[in-house]
There are 2 protein chains.
Amino acid sequence: MNYSYKYPKPSVTVDCVVFGLDDAQKLKILLIQRGISPYEGKWALPGGFIKLDESIEAAAVRELKEETGIDRVFLEQLYTFGEVNRDPRDRIITIAYYALINIGEYTIQARTDARNAEWFSAKELPDLAFDHQKILGVAKQRLKGKLRYQPIGFELLPTKFTLTQLQKLYETVLEQKLDKRNFRNKILKMKLLVDIEEMQAGVSHRPAKLYQFDKNRYKELEQAGFNFEI
Amino acid sequence: MNYSYKYPKPSVTVDCVVFGLDDAQKLKILLIQRGISPYEGKWALPGGFIKLDESIEAAAVRELKEETGIDRVFLEQLYTFGEVNRDPRDRIITIAYYALINIGEYTIQARTDARNAEWFSAKELPDLAFDHQKILGVAKQRLKGKLRYQPIGFELLPTKFTLTQLQKLYETVLEQKLDKRNFRNKILKMKLLVDIEEMQAGVSHRPAKLYQFDKNRYKELEQAGFNFEI
DNA sequence: CTTGCTTAGTGTAAAATTTACACTTTGTCT
DNA sequence: AGACAAAGTGTAAATTTTACACTAAGCAAG
């Protein structure tokens, strides 16, 4: 008991909802199995306490790295949850972030407070600790809402991807079928994808062209008033 | 120094960006003049420390009431700001909210820590305390972004309003001129406004019809998959 | 009570965008 | 060589969006 204040203070944590896609372009969420009380053994979102000399986002980045090994990803603040009894220990307010990662780039490894770290299908989640189920719901909603109007889907794919992969990703997250020709026409007309003149390898059928997302071009167009929309 | 903890904790506050419209449908923001240090005498967003037995939103509601007298309004979480040095006293994280109110319904009154409370034009703001300028910028962006896709504009108008008032509100916030006929056709086709068969009074020209927003109808349509968009 | 002023209120045609839809091509595997 | 699997491609119809200008109604002033 070394830190004293004139007024009582809540504790503040960050939690991260990490989204990824599996090989079939299905949505996955990275959870850790808690190694300590409370909810020891339960699955939860990676996260932890904020240090006084780091910004909130820095804390999110640090916790992600510490608990899962993930580094340098798309990370954006989601929402702050602060119901009085959301944590049995104490009054704890948590600032939730969501991250989009290309699963292929990482080998997940559990560290620090986490007993284990694992990808779960967004459709078959285990019981979660605290109010993490609720946080996850908000994150899924946000992802769904944002995907149509911001070019963030590419964060979930490898840098080189096929149009079919991209379409499947949209279909998964938006939970609706899209027309192949219309989808291709629309996305190509934006001139945001560059045909890198390479072909998909290792498939036992006609290989697809590979494309890359041109972020700089997007920034330019955005400046000029362009609105991305699928 | 009565509260002791094993680990250091940041303080947590809430701040509210309160939007209103003046008679000419120009955007206004409610600020308070700080009566206490730091930044004594400077203008700032209404807000204050969270108590341990209230949720974050409850704190925002309470502070709004305490500092400005405002009660029962549209209030939504905006973003959480937590740069390490955003407050000179200490490490303070603030959870920002934004509120939309019908100016006509309230007489603003300064209370508690506020020396004064006043409406400022969104275009001519004084220097603000802390990082409140930044918070305000984020709030304006959010309002602008949300107005087109959610029927929240009505919160800024009296319950009975004319189509011209509504259009002016959109023009102000979106910062673009809209076509009168197209605007009317679009909004009326949604069947979200009810013609209450009353006329505007006290104007020295042809009086306009008054309408009300039908919130229940909106909820129904939303359920059925309808997407509001101006 | 007539005239002028100010804002309310109204419809349509052209342009642009979105939708629906099916067959050919290409590479691999046997 | 043939079968298989996914890649790749264009158009016509429907819908939505845009641009645009005059008449109507009430009030005020003479």
Side-chain angles (χ1 to χ4, degrees), chain A residues 21-26 147-149 157-158 160-172 174 176-212 221 224-230, chain B residues 21-26 147-149 157-158 160-172 174 176-212 221 224-230:
Chain A
L21 285 182
D22 65 13
D23 298 328
Q25 265 70 245
K26 294 290 187 210
L147 191 69
R148 295 197 50 198
Y149 304 106
L157 294 173
K160 303 171 180 185
F161 52 85
T162 70
L163 293 182
T164 300
Q165 285 176 322
L166 187 62
Q167 182 181 341
K168 284 255 173 65
L169 147 58
Y170 273 88
E171 289 179 338
T172 295
L174 299 181
Q176 65 175 282
K177 273 295 227 179
L178 299 173
D179 179 88
K180 186 170 165 181
R181 277 182 286 193
N182 292 342
F183 179 82
R184 283 164 183 244
N185 288 340
K186 193 167 201 169
I187 198 96
L188 290 176
K189 202 159 58 173
M190 294 182 196
K191 306 275 185 198
L192 290 175
L193 301 187
V194 287
D195 177 349
I196 55 171
E197 318 242 317
E198 282 182 51
M199 292 299 194
Q200 191 181 27
V203 289
S204 74
H205 53 75
R206 177 174 178 181
K209 280 187 175 181
L210 293 173
Y211 291 85
Q212 274 185 345
L221 289 176
F226 168 76
N227 284 310
F228 181 90
E229 180 176 349
I230 289 293
Chain B
L21 285 183
D22 66 12
D23 296 328
Q25 264 72 244
K26 293 291 187 215
L147 191 69
R148 295 196 52 200
Y149 302 106
L157 294 174
K160 302 172 181 185
F161 53 85
T162 70
L163 293 182
T164 300
Q165 285 176 324
L166 187 63
Q167 183 181 341
K168 284 253 175 66
L169 146 59
Y170 272 89
E171 289 179 340
T172 295
L174 300 180
Q176 66 175 283
K177 272 297 228 179
L178 299 174
D179 179 88
K180 187 170 162 181
R181 277 182 286 195
N182 292 343
F183 179 81
R184 284 166 183 241
N185 288 339
K186 193 168 201 167
I187 197 94
L188 289 176
K189 202 160 59 173
M190 292 181 196
K191 306 277 184 195
L192 289 175
L193 302 187
V194 286
D195 176 351
I196 55 170
E197 316 244 317
E198 282 181 52
M199 291 299 193
Q200 192 181 27
V203 289
S204 75
H205 54 75
R206 176 174 178 180
K209 279 186 177 182
L210 292 173
Y211 290 85
Q212 275 185 346
L221 289 175
F226 168 76
N227 284 310
F228 181 90
E229 180 176 349
I230 287 293

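The chains referred to below are lettered A, B, ... by the order of the sequence lines, with proteins before strands, and numbering in each begins at 1. Excluded from the calculations below are hydrogen atoms, water molecules and symmetry mates; all remaining heavy atoms, backbone and side chain alike, are included.
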Residues forming a side-chain hydrogen bond (donor to acceptor under 3.5 Å, both in side chains) with B:Gln212, sequence neighbours excluded: none
Heavy-atom contact window of chain B on DNA chain D, given 5' to 3' at under 4.0 Å: D:dT18 to D:dA28
Sugar-phosphate, base or nothing in reach of B:Thr164, heavy atoms under 4.0 Å: sugar-phosphate
Check residues 192-201 of chain A and write down every donor-acceptor pair under 3.5 Å in which the side-chain atom is one partner and the other belongs to a residue at least two apart or another chain.
residue: A:Asp195; atom: OD1; partner: A:Glu197; partner atom: N; Å: 2.8
residue: A:Asp195; atom: OD2; partner: A:Lys209; partner atom: NZ; Å: 3.1
residue: A:Glu198; atom: OE1; partner: A:Lys160; partner atom: NZ; Å: 3.2
residue: A:Glu198; atom: OE2; partner: A:Lys160; partner atom: NZ; Å: 3.0
residue: A:Gln200; atom: OE1; partner: A:Ala208; partner atom: N; Å: 3.0

Spacing of B:Tyr211 atom OH relative to C:dA8 atom C1', expressed in whole Å: 10 Å
First of A:Arg181 and B:Arg184 reached from the 5' end of DNA chain C, by closest nucleotide: B:Arg184
Residue-level proximity of residues 188-204 of chain A to DNA chain C when a heavy atom falls under 4.0 Å: A:Val203, A:Ser204
B:Gln165 or B:Asn182, whichever maps to the more 5' nucleotide of DNA chain C: B:Gln165
Residue closer to the 5' end of DNA chain D, B:Glu229 versus B:Pro207 (nearest nucleotide): B:Glu229
Counterpart residues, salt bridge (charged side-chain N to carboxylate O under 4.0 Å, His left out), relative to B:Lys180 (two or more places apart): none
Separation of atom NZ in A:Lys180 from atom C1' in C:dT24, rounded to whole Å: 11 Å
Spacing of CE belonging to B:Met190 relative to CG belonging to B:Leu221, to within rounding of 0.5 Å: 10.0 Å
Sugar-phosphate only, base, or nothing, as touched by A:Lys209 at under 4.0 Å among non-hydrogen atoms: sugar-phosphate
Distance, nearest 0.5 Å, that separates CD of A:Gln167 from CG of A:Asp179: 7.5 Å
Distance in angstrom units between B:Ile187 CD1 and C:dT10 C1', rounded: 17 Å
Distance in Å, B:Leu188 CG paired with B:Tyr211 OH, rounded so as to fall on 0.5 Å steps: 5.0 Å
Sequence-distant partners of A:Arg181, salt bridge (charged side-chain N to carboxylate O under 4.0 Å, His left out), two or more places apart: none
Length of the CG-P vector between B:Asn185 and C:dT10, whole Å: 9 Å
N/O donor-acceptor pair, side chain B:Arg206 with base C:dT6, under 3.5 angstrom: no
Rounded distance [0.5 Å steps], CZ in B:Arg184 versus NZ in B:Lys189: 16.0 Å
Between OH on residue A:Tyr170 and CD1 on residue A:Ile230, distance to nearest 0.5 Å: 4.5 Å
